[in-house]
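Order of the sequence lines fixes the chain letters, A, B, ..., with proteins taken first and strands second; residue numbering starts at 1 for each chain.
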There are 2 protein chains.
Amino acid sequence: MGVSNKVSAKGKRLLIEAALKLTATTRSLSALSLREVAREAGLNPNTFYRHFKNFDDLGLAIIREMTQELRQPLRDLRREAADSVSKGTAVSWQQNPKLNLLRSMEVTRVTVKLFFDYVEDHPNAFILGVRELHGASPVMRNALRSMMNDFAQDIAEDIQILNLLPEVNQATLLDIAEVIGREMFLLSMDYIEQPEQRSQICEKAQRLITSLTVGHAVLNGYGPVLSEALS
Amino acid sequence: MGVSNKVSAKGKRLLIEAALKLTATTRSLSALSLREVAREAGLNPNTFYRHFKNFDDLGLAIIREMTQELRQPLRDLRREAADSVSKGTAVSWQQNPKLNLLRSMEVTRVTVKLFFDYVEDHPNAFILGVRELHGASPVMRNALRSMMNDFAQDIAEDIQILNLLPEVNQATLLDIAEVIGREMFLLSMDYIEQPEQRSQICEKAQRLITSLTVGHAVLNGYGPVLSEALS
DNA sequence: TGTACATCAGTGAACGCGCGTTCACTGATGTAC
DNA sequence: TGTACATCAGTGAACGCGCGTTCACTGATGTAC
C-alpha cells in the first residue's frame with residue numbers, strides 16, 4: 001500500500017506538467033528546449049530520454065492525455081445540460097416548435113456555461129491546444145485536427161440525439177458542428193485572457209450557436225416553423 | 001534612371017521573403033533563427049541588424065506589409081462582387097425579400113470565390129497570419145488580432161452598405177463579421193493544403209456565411225420575411 | 001522467506017555545434033559647397 | 001563640375017553560451033526460483 005499509486009511515471013508526469021506550464025505562459029511547444037523543460041521539471045536533461053523519444057513524442061503524449069481529459073467530460077457536460085433542462089420530454093419540432101426552440105436555447109446556455117467553467121479549470125490544456133492546432137509541427141497539427149473532428153462529431157451527434165434541431169441535412173450539420181467546436185475553442189482563449197469580459201463572452205457564444213443552428217434550420221425548410229416559434 | 005527603383009531596401013526585402021518562405025514551409029516565426037533567415041536570404045547574418053532591431057521587429061514588418069497587401073484588396077473584392085451582381089438596384093428587405101436574399105447569396109458566392117483566388121495567389125501570407133494569430137509571441141498576436149478586427153469591421157460595414165441584410169443589431173452584426181473573417185482565414189488553410197477539395201471548401205464557406213446571416217436575421221425578427229422569401 | 005538478477009528512472013560529465021551578438025572594416029551612394 | 005565627407009548596406013572573424021545527445025554509472029524496484 002504505497003503512498004502513490006503512480007510511482008512508475010513520476011518523472012513523465014513532471015515533464016508533461018513542465019511542458020504545459022512553459023507552453024501556456026511563454027512559448028510554443030516547438031520553441032521549447034529539452035533542457036528547459038527538464039530544468040522546469042527539476043530533472044536531469046538526460047531523464048527526458050527515459051520517457052520520450054523526441055519532442056513530438058512528448059507533444060503527442062500531451063495531446064493524448066488532453067483528449068482523454070476533455071472529450072468524455074465535455075460530452076458529459078452536454079448531456080448534463082440537456083437533462084437539467086428537460087428530462088425526456090422531447091416532442092417533435094412540428095408538434096411544438098416553440099417549446100423545442102426554447103429548450104434548445106436553454107440547453108445551449110447551460111452547455112456554454114459548463115464548457116467555460118471547464119476551460120477555467122484547465123486553461124493550460126486549452127492554450128496549448130489552440131496554439132498547436134495552427135502551429136508549425138505537422139505531427140501536432142494532425143493529432144489536434146483529428147481531436148477537433150472527434151469533438152465536432154460528438155457535437156453533431158448530441159444535437160441529433162437531444163433533438164435540439166429538426167432533422168436536417170447530415171453533412172452540413174457536421175460542418176456546423178465543426179464551426180461551433182472551433183469557435184468555442186478560440187473563444188476559450190478570450191475567456192482565459194479577459195476575466196472581466198466573461199459573461200459577455202458566454203453570451204456571444206450562445207448567440208453564435210443559436211444563429212448558426214437557426215440559420216441552418218431555416219435553409220433546410222424550417223423557416224415557417226421557426227418564425228411561428230419566434231413570434 | 002536606375003534599373004531598380006527600390007535599391008535602398010534590397011536586403012530588407014530579401015530577409016522578409018526568406019522569413020516568409022521558411023515560416024510557410026517549416027516552422028513558426030519564433031522558432032526560426034536569425035542565421036537561418038540570413039542564410040536563406042543569401043546574406044551575412046550580421047546584415048539582419050542593418051534592417052531590424054530584433055525578431056519581433058521583423059515579424060511586425062511582415063504583418064504591416066501583409067495588412068496593406070490584404071486589407072484594401074479584400075475590400076475591393078467584396079465591392080467588385082457586389083457590383084457584378086447588381087448595380088444600384090438595391091431595394092428594401094420589406095419590399096422584396098426574395099430578391100434581396102438571392103442577391104445576398106450571389107454576392108456571397110462571388111466574394112468567396114474571389115477571396116480564395118486571392119488566397120491561392122498569396123498562400124504564404126495566409127499561412128503565417130493564421131499561425132501567428134494563435135502563436136506564442138504576444139507582439140505578433142496583438143498585431144494580428146487588431147488586423148482581424150479591422151477585417152471584421154470592413155465586413156460588417158460592407159454587409160450594411162451593400163444592404164445584404166435587413167437592418168439589424170449593430171453589436172451582434174460585428175460578432176458575426178468576426179466569425180466570418182476568422183473562419184474564412186482558417187478555411188484558407190484547408191484551401192491551400194487540399195487542392196482537390198477546393199470547390200467543396202468554397203461551398204462550405206458559402207453555407208456558413210448564409211447560415212450565420214440568415215440565423216442572425218431570423219433572431220432579429222425577420223423570420224416571417226425570410227420564410228416567405230425561401231418558399 | 002530469502003537470494004540473485006534484470007529492469008528501470010535518474011545522475012553527471014563530456015562532446016561538438018549552431019546560435020546571437022560584437023567588432024573593425026569596406027565600398028558604394030548621397031550630399032554640401 | 002569637382003571634391004570632401006557622411007551615411008548606409010554589407011562583410012568576415014571572433015566571442016561565449018546553451019543546446020541535443022552520448023556515455024558510463026547508480027540505486028531502487030520488480031521478478032524468478
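Side-chain N/O atoms of T23(A) and N124(A) include no donor and acceptor closer than 3.5 Å. In summary, the side chains of Q72(B) and D76(B) do present a donor paired with an acceptor at a separation below 3.5 Å, with no hydrogens or angles considered.
Phosphate proximity of dG10(C) to H51(A): present, with a side-chain N or O under 4.0 Å from OP1 or OP2.
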Walk me through whether E132(B) and R141(B) qualify under salt bridge (Lys or Arg N to Asp or Glu O under 4.0 Å).
CA-CA 6 Å; E132(B) 299 300 326; R141(B) 249 181 3 240; over 6 Å; no
Where do T111(A) and L114(A) land on the side chain to side chain contact (heavy atoms under 4.5 Å, CB included) test, with the steps shown first?
CA-CA 5 Å; T111(A) 309; L114(A) 288 173; 5.8 Å; no
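Atoms NZ (K10(A)) and C1' (dG10(C)) sit 10 Å apart, rounded to a whole Å. Remark: P of dT11(D) and CZ of F48(B) are 15 Å apart, rounded to the nearest angstrom. In this structure, F52(A) atom CZ and dC8(C) atom C1' are separated by 15 Å, rounded to whole Å.
In DNA chain C, runs of at least 3 stacked Watson-Crick or G-U pairs (N1-N3 plus N6-O4 or O6-N4, or N1-O2 plus O6-N3, all under 3.5 Å) give these stems: C:2-33 with D:2-33.
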For nucleotides 15-24 of chain C, give me one character per nucleotide, 5' to 3': B if any protein heavy atom sits under 4.0 Å from the base, S if the only such contacts are to the sugar-phosphate, - if neither.
----BBBBBB
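Between E178(B) and K204(A) there is a salt bridge, since a side-chain N of the basic residue sits under 4.0 Å from a carboxylate O of the acidic one. Using a cutoff of 4.0 Å between basic side-chain nitrogens and carboxylate oxygens, E36(B) and R39(B) are not scored as salt-bridged.
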Donor-acceptor contacts, no H, no angles, side chain residues 187-195 of chain A, under 3.5 Å, sequence neighbours left out:
| residue | atom | partner | partner atom | Å |
| --- | --- | --- | --- | --- |
| S188(A) | OG | F185(A) | O | 2.4 |
| E193(A) | OE1 | R145(B) | NH1 | 3.3 |
| E193(A) | OE1 | R145(B) | NH2 | 3.4 |

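With rounding to the nearest 0.5 angstrom, the CD1 atom of I176(A) is 11.5 Å from the CD1 atom of I209(A).
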